[in-house]
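Ligands are counted one by one from 1 in listed order, and the atoms in each one are counted from 1 as well.
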Amino acid sequence: MVVLSVPAEVTVILLDIEGTTTPIAFVKDILFPYIRENVKEYLQTHWEEEECQQDVSLLRKQAEEDAHLDGAVPIPASSGNGGDDLQQMIQAVVDNVCWQMSLDRKTTALKQLQGHMWRAAFAAGRMKAEFFEDVVPAVRKWREAGMKVYIYSSGSVEAQKLLFGHSTEGDILELVDGHFDTKIGHKVESESYRKIASSIGCSTNNILFLTDVTLEASAAEEADVHVAVVVRPGNAGLTDDEKTYYSLITSFSELYLPSSA
Ligand SMILES: CSCCC(=O)C(=O)COP(=O)(O)O
Ligand SMILES: [Mg+2]
């Protein structure tokens with residue numbers, strides 16, 4: 001087995017979710033189709049609720065920022081003209097959500113609505129989150145060795161907690177010391193990693209970030225965060241240069257913590 005030694009200065013392991021702890025197939029084949037199939041009915045049922053109105057406002061603001069993009073779907077402001085107007089508005093939100101999802105966009109607005117929609121499905125036991133089999137044993141071992149474990153995903157913090165709270169391994173939320181999402185910044189921006197370190201109360205070089213996306217790894221590395229790229233079944237392929245440049249692991253069990261020896 002290949003072993004990657006974790007530098008002694010690392011005290012925090014920061015984990016991506018999709019493609020790192022969890023198969024991309026679970027996200028693409030279960031989580032995302034649930035949104036596409038249920039978004040219209042969800043909006044019709046919850047429209048009057050404060051939370052839903054906040055989600056729609058955020059999506060409308062995002063749609064205004066996206067107006068210059070090819071195929072962007074605008075969300076008009078309500079004219080208060082009753083039933084037909086409402087149905088048109090709901091359809092615009094549905095079309096906007098489907099357009100964003102067709103591009104796998106990671107906007108905070110989209111991720112917030114998705115998190116709220118998944119809540120009912122997880123609570124009702126309609127979905128259980130999948131984790132690669134090496135994840136839970138490794139995280140337990142790291143924590144026993146004194147490491148802190150945090151999550152940084154484009155999925156909203158609320159969605160992250162749903163996944164960890166309702167997994168095929170049971171409720172494993174207690175294994176995580178804290179969560180970050182795009183509210184702290186996008187994962188391809190170095191500044192996000194500096195803000196995460198500051199929020200945790202450590203230096204960036206105390207963090208090891210595990211992700212499947214090399215653009216994220218590169219941004220983290222620019223902020224002086226240690227990185228390893230996780231290669232999992234179903235992940236996008238890496239170029240030869242990326243394979244040479246980055247430390248690669250195919251399982252969390254390949255990480256060797258000197259402190260746990
Ligand atoms: C944690 S919510 C489900 C996954 C999701 O919506 C997503 O965008 C995952 O992105 P990641 O940053 O974990 O690759
Ligand atoms: Mg990922």
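Among Glu216, Lys187, Gln114, the residue whose heavy atom sits closest to atom 12 (O) of ligand 1 is Lys187. For atom 8 (O) of ligand 1, the nearest non-hydrogen atom from the set Lys111, Met101, His179 comes from Lys111.
Rounded to 10°, the angle formed at the Mg ion (ligand 2) by O of Glu18 and OD2 of Asp16 is 80°.
Applying the side-chain hydrogen bond (donor to acceptor under 3.5 Å, both in side chains) test between Gln100 and each of Thr107, Asp95, Asp66 identifies Thr107 as the sole match.
The atoms of ligand 1 that sit less than 4.0 Å from any heavy atom of Ser154 are 8 (O), 10 (O), 11 (P), 12 (O). Residue Ile17 approaches ligand 1 through these ligand atoms, each under 4.0 Å from one of its heavy atoms: 1 (C), 13 (O). When each atom of ligand 1 is checked for a heavy atom of Lys106 under 4.0 Å away, the hits are 7 (C), 8 (O), 9 (C), 10 (O). Remark: ligand 1 atoms within the under-4.0 Å shell around heavy atoms of Ala159 are 2 (S). Ligand-side atoms of ligand 1 in range of Phe32: 6 (O), range being under 4.0 angstrom from any heavy atom.
For atom 2 (S) of ligand 1, the closest non-hydrogen atom of the protein is Gly155 CA, 3.6 Å. Protein heavy atom in closest approach to atom 9 (C) of ligand 1: Glu18 OE1, 3.2 Å. Of the protein's heavy atoms, Ser153 OG, 2.7 Å lies nearest to atom 13 (O) of ligand 1.
The pair Asp55-Lys111 does not count as a salt bridge, with every side-chain nitrogen at least 4.0 angstrom from each carboxylate oxygen. Of the charged side-chain nitrogens involved, at least one lies within less than 4.0 Å of a carboxylate oxygen, so that Glu51 and Arg119 count as a salt-bridged pair. Taking a cutoff of 4.0 Å between a charged side-chain nitrogen and a carboxylate oxygen, Glu191 and Arg194 qualify as a salt bridge. A salt bridge is defined here as a Lys NZ or Arg NE, NH1 or NH2 lying under 4.0 Å from an Asp or Glu carboxylate O, and Asp241 with Lys243 fails to meet this definition.
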- For salt bridge (Lys or Arg N to Asp or Glu O under 4.0 Å), just list the numbers for Asp177 and Arg143, CA-CA rounded to whole Å, side-chain angles, deciding distance to a tenth of an Å, and then say yes or no. CA-CA 10 Å; Asp177 291 284; Arg143 286 170 59 89; 2.9 Å; yes
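Taking 2.8 Å as the threshold, Glu216 does not count as a candidate ligand of the Mg ion (ligand 2), since none of its N, O or S atoms lies below it.
Scanning both residues, Asp16 and Phe209, for their nearest heavy atoms gives N-CE1, 4.0 Å.
No other N/O/S atom of Asp212 lies as close to the Mg ion (ligand 2) as OD1 does.
Under the 6.0 Å distance and 45° angle rule, Arg105 does not count as a cation-pi partner of Phe32. Because its NZ or CZ atom is not both nearer than 6.0 Å to the ring centre of Phe122 and within 45° of the ring axis, Lys128 does not count as a cation-pi partner of that residue.
At a 4.0 Å heavy-atom cut-off, ligand 1 touches Leu31 through the side chain alone.
Backbone and side-chain nitrogen or oxygen atoms of Asp16 are examined, and one is located within less than 3.5 angstrom of a nitrogen or oxygen of ligand 1.
Aromatic ring centroids of Phe26 and Phe131 lie 6.0 Å or more apart.
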